[in-house]
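One structure is given here, and the rest of the page talks about it.
Numbers here are sequence positions counted from 1. Keep in mind that what you see is a predicted model, and the values were worked out from it rather than measured. Atoms within each ligand, like the ligands themselves, are counted from 1 in listed order. Only heavy atoms go into these numbers, but all of them, side chains included; no hydrogens, no water, no symmetry mates.
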Amino acid sequence: MAQKNDRSSRIRGFQALNHEERLKAVAEFAGLEPDALDPLRDTGNLPFPLADRLVENVIGTMTVPIGIATNMLVDGRDVLVPMATEESSVIAAVCNAAKQCRETGGFTTSTTAPQMIAQIQLVEVPDPELARQKILKRREAIKKLCDRQDPLLVELGGGLADIEVRVLETAGGSMVITHLIVDTRDAMGANAVNTMAEALAPKIAEWTGGRVYLRILSNLADRRLARAHAIWSLDAIATAELSGEAVRDGILSASHFAAADPYRAATHNKGIMNGVTAVVLATGNDTRAIEAGAHAYAARSGRYTSLSRWESTADGDLVGVLELPLAVGTVGGATKLHPTARLCLEIMGIETAEALQRVIAAVGLAQNFAALKALATVGVQHGHMRLHAQNIALMAGAVGDEVTAVAEAMVARGTVRQDVAAQELARLRDGGSK
Ligand code: NAD
């Protein structure tokens, strides 16, 4: 329904309203019947009071399905991985990819230390190099001040690990950028490092005579990397139509294409992030932080490229390697507060951020394998078709058993479109007479 122009979005005190009052205000503004907002009254597995504490002006929740990736063998441990995604085929793809590398040992992973970087921007310094030296020589004082901000983190073995200071030439003149390198243990660490940066900033201004502006973490978490690799034997990847060699060579060619071309690399990496983001979301972690970090890392050489590499082993088998920053936590943010996020960690038997990183990297690699194999063989639409057809059938108004019937009819016709779904639905409801 079109909204009336005399409505104003300037709603005073919206935040102070309770759930029903907020829904009423929104319904009035949008010209909707109060009942039309019913889907927002059911907040599912996130009770309203909790949702209302996590973010502002809450009117409801957006539920997405959580599916389980089976067959995952990570560092010799079998793990069921919960994935939260609205995209069809993503979870099935991981199950298939993981099944095909079980005989060759599954996924082997590694991580770096859980170090995050906070940046402090210093401007208007007459001698940037001298300012840099002044900051660097106070490393011990900086460590004491930063560690004082988070005694619990220090007690757990984290805290300030190091500093770096860079002189940056910018369109706005020279800037002196201090990096606080902080071990954040099992926390993603944004709040932890931001607090340290804010506490230290006035000291940096005092020591150097400059002016401090930004004090915030960098999402390019290139000191918090996770890697996964796996081998797929030629027997395991052979299909009914193609030999293992042919599948392998198609995947290698796709990998070379992605490494050389940013247009292809963006889609290649999106496929990896289909898996990564789904586990990040299921565990209540910050999906935007992970996406920003991954894509920035993919462009670290100055040219955007693929996050994974694919090669042939000496025996001719296929090997894939994925490396990306994964600033995830098992404490902090919504990870401990959201009951479903906590449950997802329990399903995986995971307590530490490092263990979570390892599983996520493995899922990213599995997803990449599945996408490349499909692309290099039958194309992605083949696998997508059946699930996609069901979504289109739903959009055309099919309900209950009609959904599968309409979807199958479209797949049989080889055309999955909403107008075709509407035709098939009409035919079905008409007793199949048309
Ligand atoms: P947090 O501050 O909620 O929790 C971290 C704290 O938990 C630590 O500082 C420590 O004192 C304590 N802690 C208890 N047990 C711990 C353990 N085993 N390991 C480590 N610390 C432990 O959370 P956070 O991780 O600092 O911040 C994450 C949140 O910040 C997310 O919600 C994220 O969305 C948000 N955020 C992100 C950005 C960004 O990405 N640019 C910026 C600001 C905020």
Side-chain angles (χ1 to χ4, degrees), residues 46 50-58 61-62 84 111-121 143-161 177-201 213-226 273 276-298 324-342 344-346 348-358 360:
L46 186 60
L50 183 50
D52 202 32
R53 277 212 294 152
L54 285 179
V55 301
E56 308 76 36
N57 290 353
V58 172
T61 56
M62 178 74 195
T111 59
T112 60
Q115 291 180 343
M116 300 297 287
I117 299 168
Q119 299 190 292
I120 301 172
Q121 177 198 23
K143 176 161 173 58
K144 275 200 188 108
L145 193 150
C146 288
D147 285 352
R148 264 207 312 273
Q149 309 308 312
D150 205 333
L152 175 56
L153 187 61
V154 175
E155 206 177 293
L156 293 164
L160 190 95
I177 310 297
T178 303
H179 283 186
L180 303 179
I181 299 160
V182 183
D183 183 320
T184 63
R185 299 282 93 194
D186 294 317
M188 181 263 191
N191 291 315
V193 303
N194 290 348
T195 306
M196 292 181 186
E198 291 195 0
L200 180 65
Y213 276 130
L214 273 55
R215 298 142 293 160
I216 180 88
L217 96 157
S218 168
N219 285 112
L220 176 49
D222 61 357
R223 289 169 174 266
R224 200 172 188 176
L225 301 175
M273 300 314 283
V276 168
T277 305
V279 189
V280 171
L281 184 59
T283 54
N285 275 287
D286 185 334
T287 54
R288 291 81 52 210
I290 298 301
E291 297 273 355
H295 295 294
Y297 192 66
L324 78 171
L326 280 177
V328 287
T330 51
V331 298
T335 56
K336 271 253 193 293
L337 295 177
H338 198 306
T340 309
R342 273 204 318 266
C344 287
L345 285 176
E346 277 178 39
M348 289 187 280
I350 280 180
E351 286 176 4
T352 65
E354 192 205 357
L356 181 57
Q357 282 182 300
R358 288 172 181 270
I360 296 175

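- At least one N or O atom of D150, backbone or side chain, sits closer than 3.5 Å to an N or O atom of ligand 1.
- Ligand 1 has a nitrogen or oxygen under 3.5 angstrom from a nitrogen or oxygen of D286.
- Below 3.5 Å of separation, one finds an N or O of G333 facing an N or O of ligand 1.
- Salt bridge E346/R342: absent, no basic N to carboxylate O contact under 4.0 Å.
- Within a 4.0 Å radius of atom 14 (C) of ligand 1, the protein contributes at least one heavy atom.
- Counting heavy atoms under 4.0 Å from ligand 1, residue T184 touches it through the backbone alone.
- Applying the side chain to side chain donor-acceptor pair (under 3.5 Å) rule to pairs touching residues 148-160 yields nothing, sequence neighbours excluded.
- Of the polar atoms of L156, none of the N or O atoms is found under 3.5 Å from an N or O of ligand 1, judged by distance alone.
- The side chain to side chain donor-acceptor pair (under 3.5 Å) contacts involving residues 213-222 comprise nothing, where partners must be two or more places apart or lie in separate chains.
- For the pair G189 and ligand 1, a heavy-atom separation below 4.0 Å is found.
- Only side-chain heavy atoms of N219 come within less than 4.0 Å of ligand 1; its backbone N, CA, C and O stay farther off.
- Residue contacts with ligand 1: V331 is placed with no nitrogen or oxygen under 3.5 Å of a nitrogen or oxygen of the ligand (distance criterion only).
- Contacts between N191 and ligand 1 below 4.0 angstrom, taking non-hydrogen atoms only, involve backbone and side chain alike.
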